Number of protein chains: 2
Amino acid sequence: MILKSQVEWALHCCAILSGLPEGRYLSTKALAELHGLPKEYLSKALQSLSQAGLVLTTLGPSGGYRLAKAPSELTFLEIVEAVEGSGRTFVCNNIRANNPCRPQGYCESGPCAIARIMWEADEAWRAKLRSVTLADLGEILAQDIPADIWNGTFEWVLKRAG
Amino acid sequence: MILKSQVEWALHCCAILSGLPEGRYLSTKALAELHGLPKEYLSKALQSLSQAGLVLTTLGPSGGYRLAKAPSELTFLEIVEAVEGSGRTFVCNNIRANNPCRPQGYCESGPCAIARIMWEADEAWRAKLRSVTLADLGEILAQDIPADIWNGTFEWVLKRAG
DNA sequence: CGAAATAAGGATAACACATATCCTTAATCT
DNA sequence: AGATTAAGGATATGTGTTATCCTTATTTCG
């Protein structure tokens with residue numbers, strides 16, 4: 001059970017977009033170059049973000065993407081779910097209903113106990129992702145990344161942002 | 001990102017095995033019938049449990065599986081990882097290393113900040129699964145399942161347990 | 001107005017992995 | 001000796017991810 005690589009791409013792209021000055025846009029081409037990713041396929045991930053309303057777009061030259069909200073209002077969970085979907089990782093096929101000992105036509109009262117426990121674990125995962133915003137990530141990155149690389153990347157991005 | 005259905009099967013099988021009297025074994029055939037599952041393929045899930053040391057097996061007629069530990073010592077996480085593997089759901093491909101602004105030969109100090117956050121969420125998921133044992137599940141099931149079905153199933157199992 | 005650049009999205013192929021079945025082997029019980 | 005079982009190898013089959021290509025509509029700029 002592994003998350004799509006598009007989740008990783010979307011998170012990195014949002015991290016870049018969160019550093020973009022108000023009102024400017026960054027293209028798929030620039031984001032793909034910056035991360036060494038196939039432009040056409042990365043485009044699908046960005047479209048997912050757009051469909052989820054997390055980013056805004058403009059067309060034409062100098063077009064591209066920007067965040068639809070402040071970084072402090074955009075959580076990891078929103079980004080992950082935009083790309084990966086919001087379904088649970090554990091799917092209950094209700095195999096208890098195949099028990100030959102059960103009376104004909106017997107109907108369960110609620111979801112299977114095993115499913116409930118697995119879904120609680122899913123929710124713990126989601127709760128953690130919901131608690132981290134792009135602004136939190138920005139603070140961590142500012143400490144992690146050497147100032148020269150940080151600034152160099154920022155200039156590189158601004159040169160290409162429409 | 002969906003867990004294998006074998007995870008569901010393994011959990012249900014372990015739930016049954018946890019009700020088995022000391023020293024008795026239940027066969028793949030019986031477990032497959034009870035849950036309405038393909039015997040040959042369910043066998044693969046049970047082999048995973050065996051390889052992980054969670055269940056013990058015997059050969060020959062009256063052979064089959066029993067738990068290797070007390071239900072109170074066997075966690076959901078162990079069962080899930082036996083079938084699904086213990087790898088993380090988020091794989092970091094270190095795409096930050098493709099940043100064209102970075103100096104040649106520059107080497108990262110540690111794992112990517114995005115990966116660290118995603119891995120914390122994974123750990124929250126694992127922590128929840130680690131906190132629930134088969135004994136806990138047994139208590140919940142005893143309350144969920146009507147007594148007649150519970151007892152009927154128990155008899156059905158005992159009739160087939162070697 | 002016309003050319004270039006861009007996002008959006010449909011079609012399709014390649015690939016990996018989950019699912020499923022079949023068969024052989026070795027061990028165990030009656 | 002014969003029946004039953006777990007273990008595991010080999011081999012399909014199906015589904016979802018990854019990836020590429022192409023068309024369309026929109027916007028910017030000369």
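As the structure is a prediction and not an experimental result, all values here were calculated from the model. Each chain gets a letter, A, B and so on, in the order its sequence line appears, and its residues count up from 1.
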Measuring to OP1 and OP2 of [N], would you say a side-chain N or O of [X] lies under 4.0 angstrom away?
{"X": "B:Thr28", "N": "D:dA6", "result": "yes"}
{"X": "A:Ser62", "N": "D:dT28", "result": "no"}
{"X": "A:Gln51", "N": "C:dA8", "result": "no"}
{"X": "A:Tyr41", "N": "D:dT20", "result": "no"}
{"X": "B:Ser27", "N": "D:dT4", "result": "no"}

So which one's nearest nucleotide on DNA chain D is more toward 5', A:Leu59 or A:Pro38?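 This one resolves to A:Pro38.
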If you pin B:Ile2 and A:Tyr65 to their nearest nucleotides in DNA chain C, which one's is more 5'? A:Tyr65
Of B:Trp9 and A:Gln47, the one whose closest DNA chain C nucleotide lies more 5': A:Gln47
From [atom1] of [X] over to [atom2] of [N], roughly how many Å is that when rounded to an integer?
{"X": "B:Lys39", "N": "D:dT5", "atom1": "NZ", "atom2": "C1'", "answer": "8 Å"}
{"X": "B:Glu8", "N": "C:dT19", "atom1": "CD", "atom2": "P", "answer": "10 Å"}
{"X": "A:Lys29", "N": "D:dT20", "atom1": "NZ", "atom2": "P", "answer": "17 Å"}

Is the shortest side-chain heavy-atom distance between B:Ile117 and A:Ile140 below 4.5 Å?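 Yes, at least one pair of side-chain atoms sits under 4.5 Å.
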Give me the one residue out of B:Arg130, B:Arg88, B:Lys128 that meets side chain to side chain donor-acceptor pair (under 3.5 Å) with B:Glu123. B:Arg130
NZ/A:Lys69: more than 12 non-hydrogen atoms of other groups inside 6.0 Å: yes
